[in-house]
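Single-structure report; data block below.
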Amino acid sequence: MAEQKADQNGEQNKPDGRDFSFEKKWAAQWEKARLYATDTADLSKPKYYVLDMFPYPSGAGLHVGHPKGYIATDVFSRYKRLQGFNVLHPMGFDAFGLPAENYALKNKVHPRVSTDANIANYINQLKIIGFDYDWERMVNTTDPDYYKWTQWIFLKMFEKGLAYESWEPINWCPSCLTGLANEDLEDGKCERCGSPVEKKPLRQWVLRITDYADRLLDDLEKLPHWEPSIKEMQRNWIGRSEGCEIDFAIEGTEQKIRVFTTRVDTIFGCTYVVLAPEHPLVQELKTQIGNWDEVAAYIEKIKNKSDLERTDLNKDKSGLPLQGISAVNPFNNEKVAVYIADYVLNSYGTGAVMAVPAHDERDFEFANKYKIAVRRSIQPALATDGQVTAGSAGDADTLPFTDDGLTVDSGDFSGLPSAEARAKMADWLKKTKNGSGKVNYKLKDWVFSRQRYWGEPIPIIHCEKCGAVGVPEQDLPVRLPEVEQYEPSGTGESPLAKIEDWVSTVCPQCGGPGRRETNTMPQWAGSSWYYLRYIDPQNDRALVDKKLEQHWSPVDFYVGGAEHATRHLIYARFWHKFLFDMGVVAHDEPFTRLQHVGLIMGEDGRKMSKRWGNVINPDDVVAKYGADALRLYEMFMGPFDQAVNWSTRALIGARRFLDKVENLAPRVQPAVASTTPPAATPEPALPKALLSELHKTIKKVGEDIEGFKFNTAVSQMMILVNALAELPAIPRDVYEKFLLILAPFAPFTAEELWSRIGNKPFIHRQTWPQYDPALLQTDSIAVSVQVNGKLRGVLQVPRQATEEEIIAAAGADANIGKYLADGYKKHIYVPGKILNFVV
RNA sequence: GCUGGGAUGGCGGAACUGGCAGACGCGCGGGACUUAAAAUCCCGUACUGGAAACAGUGUGAGGGUUCAAUCCCCUCUCCCAGCACCA
């Protein structure tokens with residue numbers, strides 16, 4: 001007795017101590033059957049390429065937040081496969097980069113060793129969640145067979161003049177001891193370690209991404225299935241602005257100050273000109289500047305400030321007049337003072353601006369501080385009725401007035417609307433050779449070298465005679481040498497520089513002595529083209545087979561974190577367009593549809609992090625509740641793109657749902673023996689409402705998967721299961737169709753139950769059910785009856801009921817009738833939905 | 001400051017194209033089963049009043065359009081994300 005009870009308890013005690021060994025069983029069988037191996041050479045079926053942003057394998061392993069996007073693409077790809085598509089859903093690892101190297105430095109483990117261990121751990125963690133990845137196609141960016149082609153792309157860019165050496169000061173992280181791209185900064189700090197970034201002059205390799213700025217911007221129009229927010233972020237990052245460059249002659253010299261402005265229409269209000277402190281003209285004018293000592297001291301002060309400190313001065317602009325220097329406004333030949341000021345950036349435009357305090361906030365602030373004249377040249381445009389048509393009335397009397405308006409006191413250009421003035425003035429500039437129209441971008445060329453060890457070597461050999469020479473293609477890959485010491489030197493040289501026998505080589509052009517480039521590529525290099533490698537991962541003769549690429553590209557659906565909107569996603573588009581121009585790929589955009597995944601936060605509402613001790617490990621969740629419960633919960637917890645807090649409590653709902661599904665299985669009607677003709681043993685008549693619910697579920701879940709609205713898909717499945725649970729016997733056909741719908745979400749449970757009710761594996765090779773539109777409707781409909789917009793009753797009427805019949809029924813209803821006793825003025829009837837009386 | 005997105009029960013959230021606000025889940029209350037607990041099942045659960053029928057109120061705040069507003073328009077508050085002296 002006692003033993004029996006213990007057994008019962010053991011079995012009934014859910015979810016603790018549950019047996020999920022069927023998950024491992026099916027995973028093994030799937031793998032044995034190569035269920036998810038994609039034959040990319042099979043071009044006969046329609047293809048669907050679903051891609052996750054591949055992870056960086058960190059030592060900490062996955063937490064429950066990481067797989068959320070992978071679960072979604074997994075549901076999606078399984079759904080597409082059931083629909084008959086040839087699906088490519090691969091996974092790989094972006095494994096070069098600073099964390100592995102820093103970890104190596106700290107723990108004296110070679111990055112190769114720790115990276116391989118981390119990758120192995122990630123694969124384990126991912127496999128137990130039951131993803132349908134084709135692991136045979138895994139890519140690893142640190143594999144020489146892979147980075148050979150990363151280097152190859154760089155070489156092609158070098159050949160085309162898109163990769164060049166530069167000695168400009170760049171962002172330098174004093175802690176990571178490496179140069180960084182603009183994209184690697186967060187609030188003026190190193191995105192990796194949080195140290196304030198300095199400007200440091202350094203030899204570096206740079207990619208001419210600005211050559212592609214217009215295409216990167218314009219082609220966003222070709223991407224209707226990208227989220228608008230991400231496109232907007234890219235637009236802002238590229239930051240195209242149209243304006244004019246204008247030359248201000250420096251009085252008494254041959255020199256000119258070239259300024260950039262988007263508001264040439266305000267130029268008659270220009271009362272001074274500002275140069276960035278670093279502007280080369282300042283040094284050139286040294287002898288003519290009356291207060292040079294003061295100026296030199298100011299420049300020195302600015303130079304010693306980090307970017308962060310400089311932008312901290314946001315509210316407090318500083319500057320100095322250059323005494324003895326004045327500039328001439330070409331439009332009115334007026335002499336204006338010249339200043340240097342830290343609110344003008346040397347890195348944007350021409351590093352010089354014309355200041356119009358009446359119509360620019362910053363100039364206004366500066367002019368007030370230094371008592372410079374403010375002169376109005378734009379007034380708000382007024383319509384005939386005196387209403388302000390441009391700018392707001394509040395702005396009309398107060399300066400600065402920064403909206404468009406009408407030009408005033410602007411010589412021959414007076415009285416024009418701003419837009420027209422800009423066009424005419426640009427023409428005038430061109431005609432008189434005082435300037436021209438000009439487009440500027442915030443986007444900067446991509447600083448592409450890192451003075452660190454763990455990255456792809458840049459395939460360049462420096463020769464005293466020939467300069468920088470590309471490594472010949474047949475010599476690729478340039479392998480990253482094994483070293484004992486990979487500490488960054490901090491001198492601006494990579495640790496590779498210390499390996500003399502690696503560095504010292506022969507110039508491929510002249511055969512003389514050559515020295516290898518010792519900088520490595522940034523983290524983002526390998527991820528800029530990896531999606532192409534999955535199509536054709538073993539190819540060692542080409543980056544990708546042309547025919548395969550043409551068939552499989554572009555990626556149909558790409559899912560990942562929004563943090564990549566302005567880095568990876570711009571870099572990858574840039575490289576792809578370059579490869580397109582080279583004829584390597586057949587389409588000029590890599591990703592057709594893009595969806596960003598909302599973060600999973602800790603239960604305390606903070607980001608999951610060791611620091612807060614709020615990390616939930618998926619392995620633990622899977623062990624206790626099963627992989628399918630984890631999958632289902634993550635899809636159910638909220639809208640996919642929204643950040644949601646993890647809740648183990650709420651996860652129990654998903655587990656209970658799966659238990660309910662499982663508990664239905666014994667009540668499923670047995671299969672009809674195949675020898676018996678189906679007509680001879682008709683299925684018991686299904687309640688029509690149930691059939692309708694089934695077809696509604698097929699429709700809704702399918703549409704919701706397409707639209708990435710998994711939370712409502714799961715909720716609809718729950719509604720169907722709740723309805724089924726009330727039946728003493730479960731119609732086999734309904735249960736089977738339901739399992740098919742469930743299969744993308746809970747692949748293990750669906751497979752297990754599919755087999756438990758006597759079907760042959762694999763459910764994942766079946767076909768997604770069709771819904772019958774005729775069955776979506778029920779015989780009777782509910783019409784809500786309102787009186788003056790307030791709900792007074794709900795009528796159940798036959799579907800065919802006419803408007804008159806429904807009005808009559810409403811009048812007959814006791815509660816509704818009360819309100820209609822004195823008659824009514826009119827009514828509005830929305831067929832099948834609502835009837836509203838106005839009394 | 002600029003750009004984009006939000007604000008709905010105790011909680012996560014749902015609601016087609018302006019048409020029954022709160023689906024589904026969590027939690028909570030009550031009941032069944034049990035010696036008991038857990039698990040499971042059933043009933044209830046926006047708020048206020050009422051035994052109930054029902055009535056009133058209610059989607060961040062205030063106004064507007066409409067027979068009808070979570071949804072459209074205007075003003076405002078707060079939250080999240082990205083960018084930020086970009087001329």
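Each chain gets a letter, A, B and so on, in the order the sequences are listed, and its residues count up from 1. Keep in mind the model is a prediction, meaning the values are calculated, not measured.
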Interatomic distance at C1', B/U59 relative to B/A46, whole Å: 11 Å
For atom P, what is the distance between B/A51 and B/G63, given to the nearest Å? 34 Å
Pairing stems for RNA chain B [at least three consecutive pairs; Watson-Crick or G-U; under 3.5 angstrom]: B:1-7 with B:77-83, B:10-12 with B:24-26, B:27-32 with B:40-45, B:46-49 with B:54-57, B:60-64 with B:72-76
Within the 3.5 Å criterion, strictly below it, is a donor on A/Y829 or A/N836 matched to an acceptor on the partner's side chain? no
Has A/K68 got its NZ or CZ under 6.0 Å from the middle of the six-membered ring of A/F640, at an angle within 45 degrees of the ring axis? yes
Could you tell me whether A/K696 atom NZ has more than 12 heavy atoms of other residues or ligands within 6.0 Å of it? no
Any side-chain donor-acceptor pair under 3.5 Å between A/N788 and A/Y819? no
Rounded distance in Å between the P positions of B/A68 and B/A14: 28 Å
Nucleotides 41-49 of chain B: protein proximity per nucleotide (B base, S sugar-phosphate only, - neither; heavy atom, under 4.0 Å): S--------
For nucleotides 17-23 of chain B, 5' to 3', base contacts (B), sugar-phosphate-only contacts (S) and non-contacts (-) with protein non-hydrogen atoms under 4.0 Å give --BB--B
Within 45 degrees of the axis of the six-membered ring of A/F366 and under 6.0 Å from its centre: does A/K317 put its NZ or CZ there? no
Pick the P atom in B/A15 and in B/G6, then give their distance to the nearest Å. 13 Å
Per the glycosidic torsion and the 90° limit around 0, nucleotide B/G58 is anti
Could you give the distance separating B/G30 and B/G62 at their C1' atoms, to the nearest angstrom? 42 Å
Taking the P atom in each of B/A61 and B/U77, what is the distance between them to the nearest angstrom? 15 Å
